[in-house]
Undergrad: 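Mind looking over this structure? Questions follow.
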Amino acid sequence: MGNEFIKDLFDKYLNNKSVFDNKEALSHAYIPENLLHRDKELEDIVSIVIPAIRQETPSNIFIFGKPGTGKTACVKHIGKELNDISSKKDISSNFLYLNCEMVDTQYRVLSNLLSYYGEDVPLAGWPTDKLYSKFIECIEKKRQIAIIVLDEIDKLVKKGGDDLLYNLSRINGDLADSKVSLIGISNDLKFTKYLDSRTLSSLGHEEIVFPPYNAEQLKDILNNRAKIAFNEGVLSEEVVPLCAAIAAQEHGDARKALDLLRMAGEMAERNNDVKITEEHVRKGKEKLEVDGTTEVIKTLPVHSKILIYSILLLEKCKKRGMITGEVYSLYERLCNVVHIERLTYRRAADLISELETLGLINTVLISKGRYGRTKNISLAVDIDTVERAIQDDERLQSITKISHSQQITLTNHLK
DNA sequence: AATCCACAGGAAGCCCGGGAAC
DNA sequence: GTTCCCGGGCTTCCTGTGGATT
């Protein structure tokens, strides 16, 4: 009986005509054949990198631009081409790509670079200078121009300082037969200000800025991908322009535009609709937002959860803007209730800053004159979404499963 | 003009676990 | 085993500061 029912369900969904033909084309991992509207940027990079083909050292490059402006895609394309050409011409140049989001310490960067040369080093244990000299040894043996791409380089510098960059910028002095040049990619335009001036000067770099896409350009990009991704005739004509317009507002992020388009398709499919409409885009947008914040919050460490819950309660129970001190003293109370040892003020302040970088809250530095300087804090995302996500954590039941009046009592007389 | 609040945020260092080397 | 290095999370201690109030 049950089996029959399930079988029918499968039949029903399998026989559904999908709106998608090749959904992959909308995923982040997909690298398109042609990079639209990035001609100038591509040319700039190629013109700098080209000496590598002649066995000369290219200048170092810093590439800046908001997320989803095609920085990584452009660099990867060029890298592939460069490797192709040099293998044909029997030239030894090497394109090494690293993303510093995951690889965010000196040690890890070096060990990843080494793995490009087939050297497996342990993921901990060695002194870094040993890794460094091993790396030099490896390149030297190959007699090549190595171009090292450090994507999201700002993450690396903000965490580990610029020691590694300084060392890499001066590595050519330690090399006789090989040369290294760097390409740093950063979302943060002010990223160079985190660098020590001596690092900056020994890097001697060129800068390329990727401007955000405008709505028209985003439309081209989306249309291009939609042709591959969707079956013919499923898109109603207002869908692509709408996705483009929304993404253009949010600093021209092509990735976001593609997410919207994909999600719109998924909403249609879930509804068994054969045509994707404006309505699906709006629903999809909402779902992307809710899913995004839910996921972020669920993976937060407990203390961050308690902190954001403090902010949530204050938002619920008071109307005026809350400040760090209030958030912290409510956090202390909540910690007592759930029997979790509280962190110090200093640490909590750092966690609050992290919540801001995650986009969960907004903070504004304000001065209240005689009454001090502090941060004005507010939630940046939907309050119910946050509450539901926090409620999922069993450890926090004793503070989430309480009545509104109990919530108000908790927030009374802080400090 | 000086004061002084309520913090912000930097620096240093501790403790721990992972892992290599001796 | 002991001793070393790295890195993450955390505490302790610290200096710096915009502007309403004195």
Side-chain angles (χ1 to χ4, degrees), chain A residues 98-115 119-138 150 152-168 188 190-191 193-197 199 299-308 310-311 314 318 320-336 338-358 360-378 395 413-415:
Chain A
L98 290 185
N99 188 318
C100 305
E101 165 115 65
M102 333 290 285
V103 187
D104 56 358
T105 65
Q106 274 207 71
Y107 192 98
R108 292 212 261 270
V109 168
L110 285 170
S111 76
N112 266 269
L113 287 174
L114 280 165
S115 72
E119 293 282 341
D120 275 329
V121 294
L123 32 87
W126 280 20
T128 25
D129 42 338
K130 188 170 173 184
L131 291 181
Y132 187 73
S133 44
K134 186 101 190 164
F135 178 56
I136 288 180
E137 197 182 296
C138 282
L150 299 172
E152 309 205 38
I153 194 171
D154 44 333
K155 302 257 165 57
L156 175 69
V157 174
K158 276 173 197 161
K159 266 188 74 181
D162 62 358
D163 286 358
L164 174 82
L165 235 48
Y166 182 66
N167 290 334
L168 285 180
D188 185 349
K190 296 167 298 178
F191 141 79
K193 83 165 191 227
Y194 299 105
L195 294 176
D196 197 300
S197 57
T199 309
T299 52
L300 243 34
V302 224
H303 288 286
S304 300
K305 283 189 184 173
I306 302 174
L307 279 166
I308 199 171
S310 310
I311 295 167
L314 285 168
K318 305 198 165 171
R320 61 185 182 79
M322 70 197 85
I323 61 177
T324 318
E326 289 172 326
V327 172
Y328 184 71
S329 51
L330 178 53
Y331 158 82
E332 281 182 303
R333 280 186 198 176
L334 295 179
C335 280
N336 282 337
V338 295
H339 303 298
I340 289 176
E341 196 126 346
R342 72 192 168 87
L343 299 174
T344 54
Y345 182 88
R346 184 68 188 83
R347 179 65 187 145
D350 277 344
L351 292 181
I352 290 174
S353 301
E354 277 173 31
L355 292 177
E356 189 188 15
T357 25
L358 288 171
L360 296 174
I361 59 172
N362 293 318
T363 71
V364 189
L365 205 63
I366 52 158
S367 175
K368 300 197 286 183
R370 189 88 199 202
Y371 303 106
R373 274 175 106 218
T374 182
K375 271 179 174 174
N376 225 331
I377 300 172
S378 58
R395 291 169 295 186
H413 311 298
L414 288 169
K415 271 189 298 184

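Everything quoted here is computed from the prediction, not taken from an experiment. Labels below follow one simple rule: chain letters A, B, ... track the order of the sequence lines, proteins then strands, and each chain is numbered from 1.
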Undergrad: Using heavy-atom distances to pick each residue's nearest nucleotide on DNA chain B, tell me which of A:Glu326 and A:Leu123 is more 5'.
TA: A:Glu326

Undergrad: What pair of heavy atoms forms the shortest contact from A:Glu101 to A:Asp104, and how long is it?
TA: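 Shortest heavy-atom separation between A:Glu101 and A:Asp104 comes out as O-OD2, 4.1 Å.
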
Undergrad: Could you check how far CG of A:Asp350 sits from C1' of C:dG9, rounded to whole Å?
TA: 11 Å

Undergrad: From CH2 of A:Trp126 over to C1' of B:dG18, roughly how many Å is that when rounded to an integer?
TA: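 From A:Trp126 CH2 to B:dG18 C1': 16 Å.
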
Undergrad: Tell me which nucleotide among B:dG9, B:dA8, C:dT11 gets nearest to the side chain of A:Tyr345.
TA: B:dA8

Undergrad: Nearest to the A:Thr344 side chain among B:dA8, C:dT12, C:dC6, which nucleotide is it?
TA: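 My answer, after comparing the listed nucleotides, is C:dT12.
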
Undergrad: Of all heavy-atom pairs between A:Leu314 and A:Leu330, which one has the smallest distance, and what is that distance?
TA: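 What the structure gives for the nearest pair is CG-CD2, 3.8 Å.
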
Undergrad: Can you give me the closest heavy-atom contact between A:Cys100 and A:Glu152, atom names plus distance?
TA: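 The pair with the smallest heavy-atom distance is CB-O, 3.4 Å.
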
Undergrad: Between protein and nucleic acid, restricted to nucleotides 13-17 of chain B and to nitrogen or oxygen atoms under 3.5 Å apart, what atom pairs and distances do you find?
TA:
none

Undergrad: A:Glu354 has an atom CD; how far is it from atom C1' of C:dG9, in whole Å?
TA: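 Computing the A:Glu354:CD to C:dG9:C1' distance gives 10 Å.
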
Undergrad: Taking all non-hydrogen atoms of both residues into account, name the closest pair between A:Leu307 and A:Ala348 and its distance.
TA: CD1-O, 3.9 Å

Undergrad: So, A:Tyr331 side chain and A:Tyr345 main chain: donor-acceptor pair closer than 3.5 Å or not?
TA: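 Answer holds: no.
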
Undergrad: Heavy-atom distance under 4.5 Å between the side chains of A:Asp188 and A:Lys158, does that happen here?
TA: yes

Undergrad: In whole angstrom, give the distance that lies between atom NE2 of A:His303 and atom P of C:dT11.
TA: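 In whole Å, C:dT11 P lies 8 Å from A:His303 NE2.
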
Undergrad: If you check every side-chain atom of A:Thr374, which of B:dA11, B:dG18, B:dA8 has the closest atom?
TA: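 Closest nucleotide to the A:Thr374 side chain: B:dA8.
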
Undergrad: If you go through the side-chain atoms of A:Arg108, does one of them form a donor-acceptor pair with the base of C:dG7 closer than 3.5 Å?
TA: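 For A:Arg108, whose side chain was compared with the base of C:dG7, there is no donor-acceptor pair (under 3.5 Å).
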
Undergrad: Starting the side chain at C-beta, find the nucleotide from B:dA8, C:dC6, C:dC13 nearest to A:Leu365.
TA: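 Looking only at heavy atoms from C-beta outward on A:Leu365, the closest nucleotide is B:dA8.
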
Undergrad: Generate the contact string for nucleotides 15-22 of chain C. Rules: B means base contact, S means sugar-phosphate contact only, - means no protein heavy atom under 4.0 Å.
TA: --BBBBBS

Undergrad: Taking only the side-chain heavy atoms of A:Pro122 (C-beta and beyond), determine which of C:dG9, C:dG8, B:dA20 contains the nearest atom.
TA: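 Of all the options, the side chain of A:Pro122 is nearest to B:dA20.
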
Undergrad: Assess the pair A:Phe135 and A:Tyr132: is the distance between their ring centroids shorter than 6.0 Å?
TA: no

Undergrad: If only side-chain N and O atoms count, and only distance matters, is there a donor-acceptor pair under 3.5 Å linking A:Gln106 with A:Thr128?
TA: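 No.
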
Undergrad: Between C:dC13, B:dA20, C:dC5, which nucleotide gets closest to the side-chain atoms of A:Pro127?
TA: C:dC5

